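Read the structure below first, then the notes.
Keep in mind it's a predicted model, so treat the numbers as computed, not measured. Chain identifiers are assigned alphabetically (A, B, ...) following the order of the sequence lines, protein sequences preceding nucleic acid strands; residue numbering begins at 1 within each chain.
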Amino acid sequence: MCTIISISTNVILKYKPIQVISKYCNFYNMAKRDCEDETPSPKKQKTGHWSMGLLASMNDPMNIVKSDDLVTVIKDAYPKAEFHYLVIPKDNISNLKALKKDNISLLKHIEEVGREIANLEQHKNRTFNFGYHAEASMFRIHLHVISDDMNSSHLKTKKHWNSYTTPFFLKPEDIRKSLKKNGKVSLPTSQQCKEYINTPLKCHKCDFIPKHMPNLKKHILTHLTD
DNA sequence: GTTCTAGAAC
DNA sequence: GTTCTAGAAC
């Protein structure tokens with residue numbers, strides 16, 4: 001856990017400008033403290049830094065929806081729709097930038113498992129979207145499998161909304177294609193990511209332009225079907 | 001990733 | 001005065 005952060009911090013130190021270094025060092029120190037804390041609280045000992053949350057979740061049998069040799073599927077702890085799952089590889093791939101051509105078959109498997117989950121009997125008459133966040137907050141790549149109702153008390157901010165409804169939400173097949181073609185994943189720049197996240201709110205199912213999030217949340221109820 | 005809250009927007 | 005958003009969290 002500490003090793004991963006040390007390596008990525010070294011890379012950041014090599015390439016990022018000073019302001020960003022300070023931001024990441026701060027993040028590094030927080031995570032490092034969690035790793036090194038000799039007398040952690042029981043809660044801390046279990047979960048560690050929040051960015052490690054997925055790893056803790058996938059190791060807790062209570063959270064596991066399905067697993068096989070290659071992947072674990074968990075329910076998102078803060079679902080942004082009525083159904084929201086994460087398909088996570090057992091192989092420790094920290095983020096999309098760490099993907100190699102060798103991982104293409106694993107990515108295909110992740111998508112297959114995602115489709116299986118979406119096609120479960122309990123999800124009949126539901127439409128699901130599949131994607132990776134261009135900039136994820138949590139370690140270990142994870143495919144979002146999310147129903148398109150977007151109806152959830154945990155969906156609160158413009159960032160939440162736009163992270164699933166703009167090109168910030170990367171199609172799994174595009175990830176695989178760019179990996180096959182270029183040997184690495186082509187990702188939007190951090191500036192592009194900011195623009196996607198700051199895109200004015202718009203309903204994902206019609207032309208409705210909401211005034212603000214509460215307005216949008218009320219509006220999407222009109223699209224619900226059962 | 002979430003929580004909290006100051007101050008902007010209404 | 002209330003609602004809403006955006007940024008800090010050491």
Side-chain angles (χ1 to χ4, degrees), chain A residues 1-2 4-5 8-9 12 18-41 43-60 62-65 72-81 83-89 92-98 131-146 150 152-166 168-170 187 190-191 193-203 208-221:
Chain A
M1 187 156 85
C2 295
I4 299 163
I5 292 178
S8 59
T9 304
I12 289 157
I18 194 77
Q19 270 189 321
V20 181
I21 290 173
S22 126
K23 183 183 167 190
Y24 278 90
C25 282
N26 185 34
F27 164 82
Y28 163 68
N29 287 331
M30 286 193 294
K32 194 172 173 228
R33 254 201 313 280
D34 281 355
C35 290
E36 292 175 350
D37 195 343
E38 286 180 5
T39 54
S41 65
K43 195 182 172 191
K44 249 190 175 177
Q45 207 162 22
K46 260 189 187 172
T47 58
H49 188 258
W50 60 261
S51 61
M52 306 291 170
L54 290 185
L55 309 184
S57 287
M58 63 189 290
N59 286 322
D60 180 353
M62 289 287 287
N63 295 320
I64 297 174
V65 173
T72 303
V73 183
I74 60 171
K75 283 190 178 182
D76 192 297
Y78 297 89
K80 303 305 186 294
F83 299 99
H84 187 181
Y85 304 90
L86 305 176
V87 187
I88 313 169
N92 185 20
I93 303 170
S94 290
N95 53 51
L96 296 175
K97 288 179 186 170
Y132 295 91
H133 281 156
E135 286 176 345
S137 300
M138 315 272 272
F139 277 111
R140 188 73 65 88
I141 59 166
H142 49 282
L143 176 68
H144 290 271
V145 176
I146 182 167
M150 303 299 280
S152 165
S153 60
H154 298 291
L155 197 156
K156 296 173 180 174
T157 68
K158 178 189 257 193
K159 181 174 183 176
H160 288 155
W161 182 264
N162 282 336
S163 73
Y164 295 96
T165 60
T166 69
F168 187 88
F169 199 53
L170 302 171
L187 295 167
S190 68
Q191 183 56 40
C193 286
K194 273 183 196 154
E195 286 168 17
Y196 294 145
I197 292 302
N198 288 320
T199 303
L201 295 173
K202 181 192 169 301
C203 176
F208 180 71
I209 307 291
K211 287 190 182 73
H212 41 53
M213 279 305 295
N215 190 201
L216 176 56
K217 287 175 66 65
K218 187 181 172 191
H219 168 81
I220 59 176
L221 299 177

Original post:
Using a cut-off of 4.0 Å between protein heavy atoms and nucleotide atoms, how would you tag nucleotides 1-10 of chain B 5' to 3' with B, S and -?
Top reply: BSS-------

Original post:
Which is it for Ser51(A) and His49(A) under the side chain to side chain donor-acceptor pair (under 3.5 Å) test, yes or no, and what are the steps along the way?
Top reply: CA-CA 5 Å; Ser51(A) 61; His49(A) 188 258; 2.7 Å; yes

Original post:
Do His160(A) and Tyr78(A) have their ring centres less than 6.0 Å from each other?
Top reply: no

**OP:** Answer yes or no: are there more than 12 heavy-atom neighbours, outside Lys75(A) itself, under 6.0 Å from its atom NZ?
**Re:** no

Original post:
Should Trp50(A) and Met138(A) count as side-chain neighbours, where that means a heavy-atom distance under 4.5 Å?
Top reply: yes

Subject >> Gap between atom NE2 of His133(A) and atom CZ of Phe169(A) - 0.5 Å precision >> reply: 5.5 Å

Original post:
With Ala77(A), which residues qualify under side chain to side chain contact (heavy atoms under 4.5 Å, CB included), at least two apart?
Top reply: none

Original post:
Quick one: CG on Leu54(A) to CG on Asp76(A), what's the gap to the nearest 0.5 Å?
Top reply: 8.0 Å

Subject >> Where DNA chain C forms stems, i.e. three or more consecutive Watson-Crick or G-U pairs with both distances under 3.5 Å >> reply: B:2-10 with C:1-9

